Amino acid sequence: MVIIVTTDYERLAAINKSHLWHPFTQMKDYNNADPLIIERGEGIRLYDAQGRAYYDGFSSVWLNVHGHNVPELNRAIADQLGRVAHSTLLGMANIPAIELAEKLVGIAPKGLNKVFYSDSGATGVEIAIKMAFQYWHNRGARGKTTFITMNQAYHGDTIGAVSVGAIPLYHDVFRPMLFPSHVIPYPYAYRHEGGAAEALEGTLTLLRKLLETRADEIAALIVEPIVQGASGMIVMPPGCLREMAALCRKYDVLLIADEVATGFGRTGAMFACDLESVSPDLMVVGKGLTGGYLPVAATLATDEIYEAFYADYHEQKTFFHGHSYTGNPLGCAVALASLKLFEERKIIEGVRAKASFVENKLAALKERPHIGDIRQKGLMIGIELVRDKGSREPYDWVERIGVRTSMRARELGMLTRPLGNVIVFIPPLVSTEAELESMIDILAESIVNVTEGSRAL
């Protein structure tokens with residue numbers, strides 16, 4: 001018998017292909033290539049099992065804030081481990097969950113005074129939807145049962161979150177399982193013939209008409225504030241969120257802000273709602289909450305919503321919802337440490353300066369023949385690639401232009417992930433200007449290599 005000795009990478013790759021099913025991944029494609037297996041992280045770089053280093057150009061799916069292997073965050077988890085790893089919030093509390101709730105209320109938009117924990121953005125959205133529905137039910141307005149969402153919205157992958165999602169590629173197959181929602185357009189200036197002004201007016205006009213005629217049956221509008229992420233990093237024209245919030249107030253419809261992707265400094269403010277001084281009725285946060293360390297999310301609510309559930313036991317107005325790991329002490333402890341770093345290192349102020357630096361560096365790319373649009377808010381950036389710049393003709397799906405560009409970036413030492421023909425650049429917030437410049441150089445070279453067939457800029 002011949003014994004074949006394999007490297008540790010080969011062993012892991014074989015197990016990966018045999019047993020691991022990856023999210024948002026066509027496994028036939030994946031299993032026909034050598035898998036990327038991350039072994040460790042340091043600063044804003046990740047290192048694979050073969051020792052190669054990569055910039056984390058999309059913050060490990062949009063959630064890394066302070067980099068990897070951060071001593072202060074590591075210590076927070078280790079210290080909490082010496083006390084208790086988990087205890088339930090069902091009928092009791094724990095110290096980190098209490099302290100984090102106070103901290104979140106202190107930094108959230110005005111009026112969001114109650115915190116309900118969960119473990120992911122999707123579960124946080126489920127909670128917000130159910131709270132909005134039951135809020136009206138408890139108040140006796142039982143006809144208010146439907147929701148408004150926005151075209152190409154993404155709010156997570158659980159059934160309720162998908163029901164208020166509107167990306168056909170992700171959601172249509174599940175349509176028979178979902179409750180229907182009203183859909184209005186997210187103002188997409190680049191793809192609107194009238195540009196930003198008409199895109200904005202079109203959205204507000206349709207929302208206004210819908211509320212004028214059907215507000216009595218609508219529980220809430222859910223929105224990705226300022227930047228719609230999974231649709232291709234679409235940035236709202238100024239004033240849009242503020243006007244939408246005003247319309248919701250006028251017609252007595254709740255506003256749910258999904259800040260899972262936009263929260264914790266990503267847009268240049270602690271929350272995107274802060275950019276237009278909007279205080280929603282419900283706000284969902286996740287991703288960057290723990291600095292990218294542990295799965296903790298939260299749904300924040302106003303006192304008015306909370307009080308609709310506050311009643312004698314026999315009235316059965318309790319919010320019957322929860323998760324096994326709700327308010328996990330380890331996750332809450334590292335979230336507190338992350339928020340402390342925000343203050344000590346002035347992360348928000350740094351994002352604003354770095355965003356300006358990135359905008360200036362990306363300006364030169366706008367003249368390339370296949371870059372249709374560069375959209376940016378803070379350190380959320382999307383670069384839309386097009387076949388024809390003049391007509392804005394998109395690349396066909398089968399050309400996999402975004403995938404190929406991202407794979408070229410990986411070859412050059414940076415990880416990112418495309419959204420169709422849009423290349424995403426969402427670096428960790430602590431990235432230095434030198435690191436940002438290096439990542440942008442890789443982005444530019446990758447785009448030129450793939451779209452222009454050239455190996456040089």
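Just so it is clear, the model here is predicted, and its values are computed rather than measured.
Nearest heavy-atom pair, A53 versus Y47, reported as atom, atom and distance to 0.1 Å: CB-CE2, 3.4 Å. Scanning all heavy atoms of the two residues, the minimum distance from L330 to A85 falls at CG-O, 3.6 Å. The minimum heavy-atom distance between D274 and A269, with the atom names listed, is CB-CB, 4.0 Å. Shortest non-hydrogen contact noted between V351 and G265 is CG1-O, 3.4 Å. In terms of heavy-atom proximity, S59 sits nearest to P428 at OG-N, 3.0 Å. Scanning both residues, A230 and I167, for their nearest heavy atoms gives CB-CD1, 4.0 Å.
Taken from OG in S60 to CD1 in I426, the straight-line distance is 11.0 Å, to the nearest 0.5 Å. Interatomic distance, Q376 CD to L379 CG, rounded to the nearest 0.5 Å: 7.0 Å. S324 OG to H86 NE2: the interatomic distance, rounded to the nearest 0.5 Å, is 7.0 Å. Rounding to the nearest 0.5 Å places CD of E224 at 7.5 Å from OG1 of T149. The CD atom of E217 lies 4.5 Å from the OG1 atom of T146; values are rounded to the nearest 0.5 Å. With rounding to the nearest 0.5 Å, the separation of CD1 in I127 from OG1 in T299 is 4.5 Å.
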Check step by step if side-chain contact (heavy atoms from CB on, under 4.5 Å) holds for E193 and E198.
CA-CA 8 Å; E193 291 184 4; E198 290 191 20; 5.9 Å; no
Step by step, work out the side-chain contact (heavy atoms from CB on, under 4.5 Å) result for L221 and I256.
CA-CA 6 Å; L221 161 68; I256 303 171; over 6 Å; no
Would you check, one step at a time, whether the test ring pair (Phe, Tyr, Trp, His ring centres under 6.0 Å) holds for H22 with Y30?
CA-CA 9 Å; H22 295 258; Y30 185 88; 4.3 Å; yes
Where do L339 and I107 land on the side-chain contact (heavy atoms from CB on, under 4.5 Å) test, with the steps shown first?
CA-CA 10 Å; L339 291 175; I107 62 175; 4.0 Å; yes
Mind running side-chain contact (heavy atoms from CB on, under 4.5 Å) on I184 and N151 for me, showing each step along the way?
CA-CA 6 Å; I184 62 172; N151 185 43; over 6 Å; no
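In the model, H68 has no side-chain atom that pairs as donor or acceptor with a side-chain atom of H66 under 3.5 Å. S231 and Q228 are linked by a side-chain donor-acceptor pair at a separation below 3.5 angstrom, with hydrogens and angles left out of the test. Side-chain contact check for T123 and E126: no donor-acceptor pair (N or O, by modelled atom type) lies under 3.5 Å. When only modelled atom types and interatomic distance are considered, Y135 and E304 share a side-chain donor-acceptor pair under 3.5 Å. Judged by distance alone, the side chains of T205 and E201 do bring a donor and an acceptor atom under 3.5 Å apart. Residues T432 and E435 have side chains that bring a donor and an acceptor to within less than 3.5 angstrom of each other. Side-chain contact, Y55 with R45: a donor N or O sits under 3.5 Å from an acceptor N or O. When only modelled atom types and interatomic distance are considered, T416 and R410 share no side-chain donor-acceptor pair under 3.5 Å.
In this structure, Y325 has its ring center no closer than 6.0 Å to that of Y117. Aromatic ring centroids of F319 and F116 lie under 6.0 Å apart.
Exactly one of N64, L63, L415 qualifies for a side-chain contact (heavy atoms from CB on, under 4.5 Å) with F58. That residue is L415.
The local environment of CD1 in I95 is sparse, with at most 12 non-hydrogen atoms from other residues, nucleotides or ligands closer than 6.0 Å. Open room surrounds CD on E102; 12 or fewer heavy atoms of other groups in view lie less than 6.0 Å from it. When the shell of 6.0 Å around CD of Q316 is examined, it contains 12 or fewer heavy atoms from other residues, nucleotides or ligands.
With a 6.0 Å cutoff to the six-membered ring centre and a 45° limit on the axis angle, K114 counts as a cation-pi contact of Y306. Seen from the ring of Y190, R392 counts as a face-on cation partner, given the 6.0 Å and 45° thresholds.
A donor-acceptor contact shorter than 3.5 Å links the side chain of Q134 to the backbone of K317. A donor-acceptor pair is defined here as one N or O able to donate and one able to accept, closer than 3.5 Å; such a pair exists between the side chain of E315 and the backbone of D312. With hydrogens and angles ignored, the 3.5 Å screen pairs no side-chain donor or acceptor of S356 with any backbone N or O of K354.
At a threshold of 4.0 Å, the pair R345-E72 counts as salt-bridged, since one of the basic side-chain nitrogens sits closer than that to a carboxylate oxygen. Between R40 and D48, no side-chain nitrogen of the basic residue sits less than 4.0 Å from a carboxylate oxygen of the acidic one, so the salt-bridge criterion is not met. For the pair E343 and K103, the salt-bridge criterion is met [side-chain N within less than 4.0 Å of a carboxylate O].
Looking at heavy atoms from C-beta onward, W62 lies in side-chain contact with M380 at the 4.5 angstrom threshold.
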